[in-house]
Amino acid sequence: MSAYDFAELESRWQTDWEAEGLYRSRVDWSRPKHYALTMLPYPSGDLHIGHWYAMTPSDTRARYMRMKGYNVLFPIGFDAFGLPAENAAVQRNIHPAKWTHSNMERMRTQLRSMGAMFDWERQAVSCEPSYYQWTEWFFARMFEHGIAYRGEAMVNWSPTLQTVLANEQVIDGRDERTGQPVIQKLMEQWFFSITKYADELLSFDDIDWPDPIKSMQTNWIGRSEGARVRFATETGSEIEVFTTRPDTLWGASFMVLAPEHVLVDELTSPAQRAAVDAYRIAAAARSELERMEEDRDKTGVFTGGYAINPVNGVRIPVWIADYVLVSYGTGAIMAVPAHDHRDFEFARAFDLPVVPVIIPQGSEPLVADDMVDGYVGPGIMTDSGPLNGVETTEAKGRKNPSVSAAIDWIESNGCGVEAINYRLRDWLISRQRYWGSPIPIIHRQDGTVEAVPDDQLPVVLPEDVVFEGRSPLVNDDAFLSVLDSDGKPARRETDTLDTFMCSSWYWFRYLSPDFDDAPFDPEEAAYWLPVDVYTGGAEHAVMHLLYSRFFVKVMRDMGLFADTEVAMRAHGRSADDAFDEPFRVLRNQGQVLGAEHAGDVVAVEGRRDGNRIIASLVTVVTGATSPQGVVVGEIMRRTENLLQVMVDGDLISVEVPDDAEVVIPSIAGTNDVSQLRHHLEVERMSKSKGNVVNPDELVDAYGADTVRTYLMFAFEWQKGGPWDGRGILGAHRFLEDVWKIAHLAYQPGDVDDEATAALRRAVHQTIDKVDGDLADFKWNTAIAALMGLRNVMLDANKTSVVSAGAWAEAVEVMVKLLAPIAPHVTEELWRNRLGKTGSIHVQPFPESDPSVAKDVQVTMVVQVNGKVRDRIEVPADISPEDAEATALASPRIGERVGDLTVRKVIVRQPNLVNIVAN
RNA sequence: GCCGGGAUGGCGGAAUUGGUAGACGCGAUGGACUCAAAAUCCAUUGUCUGUAUAGACGUGCGGGUUCAAGUCCCGCUCCCGGUACCA
């Protein structure tokens with residue numbers, strides 16, 4: 001037997017497959033198509049184990065579908081624009097294009113080492129002009145159709161760098177690199193009106209997506225029904241609010257505006273001016289995420305202005321507070337503290353009136369002074385003029401009688417209208433950066449804007465630029481100066497497009513990456529679209545996937561599939577519903593994290609309280625020693641001010657109060673809790689998320705097939721987990737065993753029919769198991785089943801009593817079942833050991849024979865009062881009567897039941913009988 | 001904070017969706033082979049009860065439903081992902 005030389009055979013087959021064009025995918029209307037898509041990778045530098053974890057199972061699924069008879073398209077490309085390239089430019093003085101291209105060059109080689117069935121001739125790269133020409137073209141279409149528009153949005157502004165920062169570049173309100181403060185600032189930018197599609201995006205009727213994803217998108221869109229109500233101010237303006245509870249309008253006792261609301265200046269009285277201005281500056285220093293944290297103490301300032309409650313004419317004060325966001329609703333709320341938690345907290349904090357207007361069901365009317373929280377339950381309306389006596393339930397919108405009555409009253413009295421509000425905001429697509437697709441817009445001298453004509457696309461990024469922090473486009477005169485459609489001097493737009501836009505249409509470009517007349521070739525699209533299976537990380541649950549859905553719907557409505565539909569009909573395929581959703585089936589994998597490292601070690605001094613320590617001194621230590629009175633341990637987890645510290649195998653909670661002394665040797669000066677928190681978090685992220693595991697080394701040591709097999713075997717795919725390098729030997733041994741089994745010169749002795757049937761049963765049961773598991777994306781159990789078959793075959797070889805025919809069938813089936821998982825070794829065995837012609841990867845997937853697979857004997861469990869007391873081998877087709885009789889006849893059961901009275905016997909033949917006796 | 005997911009032996013994970021908890025693998029222990037080691041092969045391996053064809057306990061914590069709960073219900077704890085300019 002030759003040795004399993006994985007290195008030699010893997011590179012040989014990769015070369016041969018490419019020469020044979022085995023993975024070229026071509027339109028073939030005589031065969032059913034399958035478009036398998038794996039999420040577009042970002043060219044971060046080196047392929048890491050996470051890429052393997054995402055892509056090799058997708059490849060296995062694509063190969064499985066191919067063996068199931070489909071013509072499969074499985075393309076690959078790069079999401080090549082983005083922030084990291086610019087960071088590299090700033091930090092290491094490498095041009096983003098150069099950095100990106102060398103990364104892609106490297107990653108292509110690494111991707112090829114996976115042995116995936118990528119069709120490289122369909123590669124799409126988002127930073128190449130041939131690609132972003134069409135990204136720009138889509139923007140131009142959106143602009144034409146009124147989907148793209150100018151608006152204002154908050155940005156992280158660094159006054160020091162005079163530039164906009166990404167959220168991840170801002171830590172604790174400061175620029176992560178320079179440590180200088182960052183403020184929130186309104187800026188004019190481009191948007192796509194995705195909210196126009198909010199309702200359609202809430203429907204998932206025709207797609208097979210995981211429920212959690214659908215639920216997250218639904219919550220993200222956040223549709224709520226209610227009313228828009230106008231409050232007149234004493235300065236003569238109107239404040240419009242959206243409320244889901246118009247029925248509680250009579251209890252509105254003050255209003256709160258977002259600090260950035262346009263009316264704040266007008267409403268602010270001279271006496272309050274200083275306080276309001278100070279508060280607005282403070283609010284600008286806080287991120288939106290911080291502002292939404294509900295358990296924060298409520299802060300706010302009275303503007304000095306008043307509004308009139310339109311339903312009862314009551315004069316109510318107008319405040320500003322940062323818990324109201326400009327980006328949600330109208331940026332203003334009416335506060336009904338008696339019936340809303342946050343408003344109640346705010347009212348109590350600032351001693352504002354609380355006016356109950358609901359009598360809780362089955363209870364006495366509320367007394368404002370006695371309330372400890374807003375009441376949000378059902379009841380009867382009171383002190384609400386025309387609504388008095390109306391029932392209020394816990395239903396939302398019109399389904400709640402009081403809300404419905406209130407909307408009718410408001411509309412007929414002209415103070416508001418029924419309205420639907422979405423939490424979803426329009427998609428901000430402007431980026432004040434260089435390394436992205438330019439927005440093809442020209443700013444004319446008269447202040448209007450126009451799109452760059454299609455025949456002048458793409459607007460190409462200038463290459464000769466210098467990086468200092470701000471986007472070099474802003475200062476690039478050659479780029480900036482342009483003539484408008486009237487031939488007058490004009491200025492180019494300098495914002496570039498959000499990279500999410502590049503990744504919102506890439507699967508169309510794969511269809512025909514060299515097509516010059518349109519983003520995609522309708523002939524290809526008519527066959528391949530839509531994507532049948534999309535796999536990728538759950539971290540994209542909302543944004544990327546929602547944007548992609550939006551994009552397709554917009555394309556459909558702009559008529560961009562008209563030619564494709566014609567081509568489909570020409571081939572007799574219905575175009576109905578083909579372009580409402582981009583991805584028919586979606587499945588998510590988890591993340592493989594770097595190997596778990598020892599955490600930071602801290603020494604803690606403090607007071608012990610049960611299993612918890614209230615710290616007075618926390619020191620981050622390197623060389624851990626344990627002097628008297630000090631607990632030294634490795635930090636396992638940290639949340640807020642609570643550290644979980646492992647000390648001699650026990651987890652101890654350490655609470656770090658704000659006044660505790662904190663010593664972090666690597667940070668000079670006095671340290672505090674937030675620094676401790678921040679420091680430990682950074683340490684943890686760089687350790688646990690860093691690409692500690694290098695797949696290239698694993699491929700060198702064990703081969704790509706082993707790495708693939710191990711990744712699919714060792715984790716629950718949807719969940720992922722920390723990498724553990726030890727287990728890979730198990731996967732490698734398995735492939736070596738398969739190699740060995742296929743090379744055995746099997747010679748039966750005296751053939752035993754029962755043993756032969758048992759082997760065949762195992763083989764056919766394994767077919768069913770692997771078939772079902774691969775269909776369901778359950779790689780680990782599919783491989784476990786194949787390992788089980790391996791064990792059965794090694795035993796069968798030892799006894800050598802199964803027929804030669806059954807053995808040969810088993811070998812062939814095992815190799816075929818394994819082919820989608822370990823493509824190289826199975827191809828080698830198929831063609832060079834089993835002597836077959838043609839690739840194993842185009843063979844039909846084995847089919848099981850139910851009559852062979854059927855069990856003849858099974859273990860029946862007999863329980864007494866739910867506890868297992870005996871196990872009996874019985875025929876698989878045992879009748880319920882026989883099952884019960886067999887169970888009761890068992891001496892061990894007789895002993896157990898003894899003098900007890902049998903009350904009931906539950907029979908689930910052939911697996912279980914439960915005898916209830918007392 | 002909010003939204004979504006998760007927690008099962010020393011470790012990764014299985015469990016036909018209410019019916020044998022721990023498949024498969026790693027690791028560990030003992031043995032075979034070897035001068036020795038590696039590799040390989042054989043055996044054992046949830047915990048406890050001194051023995052084991054026995055019993056009790058056991059799926060993050062506290063309750064509940066059921067003949068039967070890892071699975072369903074109620075209440076918690078902790079971890080992971082997302083939170084709109086990381087991709």
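Chain A is the first sequence line, chain B the second, and so forth, proteins listed ahead of strands; every chain is numbered from 1.
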(Q) So A:Val916, base contact, sugar-phosphate only, or nothing? Heavy-atom distance under 4.0 Å. (A) sugar-phosphate
Q: Using whole Å, report how far CH2 of A:Trp739 lies from C1' of B:U40.
A: 18 Å
**Q.** A:Arg431 side chain near B:A84 phosphate (N/O to OP1/OP2, under 4.0 Å)
**A.** no
Q | base_contact_polar (B:G19 base, A:Arg908 side chain, donor-acceptor, <3.5 Å) | A | yes
Q.
Side chain of A:Pro84, heavy atoms from C-beta onward: which of B:G4, B:A87, B:C26 has the nearest atom to it?
A. B:A87
Q: Select one nucleotide: of B:G4, B:G55, B:G13, the one nearest the side-chain heavy atoms of A:Arg869.
A: B:G55
Q. Residues from residues 785-792 of chain A sitting under 4.0 Å of RNA chain B, heavy atoms only?
A. A:Met787, A:Arg790, A:Asn791
Q: With RNA chain B as reference, determine whether A:Asn865 or A:Ile783 sits nearer its 5' end, using the nearest nucleotide of each.
A: A:Ile783
Q) Which nucleotide sits closest to the side chain of A:Val868: B:U20, B:C42, B:G13? A) B:U20
Q) Are OP1 or OP2 of B:A14 and a side-chain N or O of A:Thr781 less than 4.0 angstrom apart? A) no
Q) ring-ring contact (aromatic ring centres under 6.0 Å, His included) with A:Tyr547: which of A:Trp505, A:Trp220, A:Phe500, A:Phe192? A) A:Phe500
(Q) Counting the atoms with a prime plus P, OP1 and OP2 as sugar-phosphate, which does A:Val542 contact under 4.0 Å by heavy atoms, base, sugar-phosphate, or nothing? (A) nothing
Q) What does A:Tyr710 touch in the nucleic acid at a heavy-atom separation under 4.0 angstrom: a base, only the sugar-phosphate, or nothing? A) nothing
Q) Using a cut-off of less than 4.0 Å, is there contact between a side-chain N or O of A:Asn780 and OP1 or OP2 of B:G25? A) no
(Q) Testing A:Trp52, A:Tyr702, A:Trp723, A:Tyr53 one by one against A:Tyr710 for a ring-ring contact (aromatic ring centres under 6.0 Å, His included), which residue passes? (A) A:Trp723
(Q) Should the side chain of A:Asn914 and the base of B:C67 be counted as holding a donor-acceptor pair, with the cut-off at 3.5 Å? (A) yes
Q.
Taking only the P atom of each, what is the distance from B:C61 to B:U66 in whole angstrom?
A. 23 Å
Q. How many Å lie between NE2 on A:His544 and P on B:A84, as a whole number?
A. 18 Å
Q | Side chain of A:Glu539 - closest among B:A84, B:G81, B:G13 | A | B:G81
Q.
Using the side-chain heavy atoms of A:Asn219, tell me which of these nucleotides is nearest: B:A87, B:C3, B:C41.
A. B:C3
Q. Is A:Val905 touching bases, backbone alone, or none of the nucleic acid, heavy atoms closer than 4.0 Å?
A. nothing
Q.
Heavy atoms only, 4.0 Å cut-off, all strands: where does A:Gln863 land among base, sugar-phosphate and nothing?
A. base
Q: Would you mind classifying the nucleic acid contact of A:Ser503 as base, sugar-phosphate or nothing, using non-hydrogen atoms under 4.0 angstrom?
A: nothing
Q. When we call it a touch if two heavy atoms are under 4.0 Å apart, what does A:Leu40 touch: a base, just sugar-phosphate, or nothing?
A. nothing
Q: Using the ring pair (Phe, Tyr, Trp, His ring centres under 6.0 Å) rule, take A:Phe777 and A:Trp779 through it: C-alpha gap first, then chi angles, then the decisive distance, then the call.
A: CA-CA 6 Å; A:Phe777 304 83; A:Trp779 332 109; 5.8 Å; yes
Q) With sugar-phosphate meaning primed atoms plus P, OP1 and OP2, does A:Gly222 contact a base, only sugar-phosphate, or nothing at under 4.0 Å between heavy atoms? A) nothing
Q: Could you check whether A:Leu83 gets within reach of a base, just the sugar-phosphate, or nothing at all, counting any heavy atom under 4.0 Å?
A: sugar-phosphate
